[in-house]
Enquirer: 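After the structure tokens below, expect a handful of questions from me.
Values reported hereafter were calculated over all heavy atoms of this structure, with side chains retained and with hydrogens, waters and symmetry mates removed. When a ligand or atom number is given, it counts from 1 through the structure's own listing order.
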Amino acid sequence: MKALILHGVGDLRYEEQATPEPRAGEVRVRIGYCGVCGSDIPRCFVKGTYHFPTIPGHEFAGTVEALGAGVKHFSVGDPVAVFPLLWCGTCAACQRKAYVQCSNYDYLGSRSDGAFAEYVIAPVRNLLPVPQGVSLREAAMAEPAAVARHAVARAGELQPGASVAIFGAGPIGLLVAQWARAAGGDVLLCDIVPEKLEQARALGFNKVFNSKTGNPVGWIEEQTAGEGASVCIEAAGVPVTLIQACKSVARAGCLVLMGNPSAEVTLPAALISQLMRREVSLRGTWNSCYDPEAPSDDWREALAAMADGRLQADRLVTHDVPLSRGIGALEMMRDQSAFFSKVMLRPDETA
Ligand SMILES: [Zn+2]
Ligand SMILES: [Zn+2]
């Protein structure tokens with residue numbers, strides 16, 4: 001099969017590799033689409049993966065192509081999305097079914113081979129059926145959509161009309177915005193990239209603010225009659241937006257830390273005091289809840305919301321690129337040489 005293989009930091013090659021065979025309890029998935037995550041850029045160009053060579057790519061959907069021994073409930077040809085974290089099943093977190101907190105996990109696309117390829121191997125317990133009417137390209141966004149749902153859930157139940165300020169309107173921020181809207185929130189979006197704010201407007205969000213042209217804290221104050229936002233979700237990972245988010249939370253509000261921090265942040269004493277006085281809850285959010293045995297989890301809700309239109313994930317796709325041109329697409333993202341939101345890679349058409 002063809003794959004984008006990372007041989008070392010910055011050494012990504014499009015080349016041939018043996019098509020992997022599923023073992024017992026596993027399936028081979030023929031990749032339909034694999035999204036490029038923001039984290040794939042430092043993974044490929046700065047930090048590398050845990051060992052080399054590795055095939056990156058963890059946001060994907062495809063069709064079941066071959067079954068290992070003992071696989072039930074899925075058949076060849078089924079469209080599936082895949083939870084990319086492989087949990088150990090025995091640690092304390094796994095015993096609590098908190099699989100993303102597993103202390104001994106493996107991960108498709110960073111520790112094990114992922115989906116910048118024609119095929120990937122996945123355990124059957126990691127598969128989710130893609131509902132009718134959801135394309136494989138959209139289903140490939142189940143991972144960021146589940147992550148976004150989890151972040152909104154971490155803020156607790158939203159009161160109807162509660163203001164939700166989101167800092168960062170990248171693909172995750174815009175998915176967070178759609179979940180917050182679906183939960184009845186009044187969404188306020190801030191970013192510094194005009195194209196991202198345009199995308200937000202196209203998705204029906206009209207309370208958007210370009211933080212390059214003014215102070216988002218004052219804008220949020222105006223929009224909330226001086227109260228501040230009930231929920232602030234920091235989805236940019238930039239020191240200045242974290243400070244803005246801290247300043248914008250209402251009394252008894254909640255601030256969700258979501259963006260991967262890109263640098264140290266210094267919180268002024270007066271701001272810490274304000275957070276205390278306002279009795280603000282600070283919550284972290286990490287990945288998503290996945291539980292194949294539960295009636296519902298972030299992943300199944302994400303796919304269901306794509307099917308019923310609460311989420312319009314596919315509209316975030318700005319680039320749909322064949323794998324053979326994937327290296328150029330990743331370099332474009334690294335260099336930010338063009339505007340992009342979600343970049344999707346797909347195997348080249350087989351003859
Ligand atoms: Zn990701
Ligand atoms: Zn574990």
Enquirer: At a cut-off of 2.8 Å, what protein N/O/S atoms sit near the Zn ion (ligand 2)?
Expert: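 The answer is C88 SG, C91 SG, C94 SG, C102 SG.
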
Enquirer: Supply the atom-to-atom distance M141 CE to L175 CG, rounded to the nearest 0.5 angstrom.
Expert: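 Between M141 CE and L175 CG, I get 5.0 Å after rounding to 0.5 Å.
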
Enquirer: Judged by atom type as modelled, is there a donor-acceptor pair below 3.5 Å linking the side chain of R278 to the main-chain atoms of V249?
Expert: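 Yes; judged by distance alone, with no hydrogens or angles, the pair exists.
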
Enquirer: In this structure, which one of V193, D191, I192 forms a side-chain contact (heavy atoms from CB on, under 4.5 Å) with K212?
Expert: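 When V193, D191, I192 are each tested with K212, the side-chain contact (heavy atoms from CB on, under 4.5 Å) holds only for I192.
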
Enquirer: Going by side-chain heavy atoms closer than 4.5 Å, which hydrophobic residues are tied to L345, directly or by a chain of links?
Expert: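 L345 shares its hydrophobic cluster with M1, L4, I5, L6, V9, L12, Y14, V36, I41, F45, V46, F52, I55, F116, Y119, V321, L323, I327, L330, M332, M333, F340, V343.
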
Enquirer: Any idea how Y107 and H58 line up, ring-wise: parallel (<30°), tilted (30 to 60°), or perpendicular (>60°)?
Expert: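 Answer is perpendicular, since the angle exceeds 60°.
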
Enquirer: Should the pair R149 and W299 be classed as cation-pi, given the thresholds of under 6.0 Å to the six-membered ring centre and 45° from the axis?
Expert: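 That pair does not qualify as a cation-pi contact.
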
Enquirer: Just to confirm my numbers, could you give the angle made at the Zn ion (ligand 1) by SG of C37 and NE2 of H58, rounded to 10°?
Expert: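 About 110° at the Zn ion (ligand 1).
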
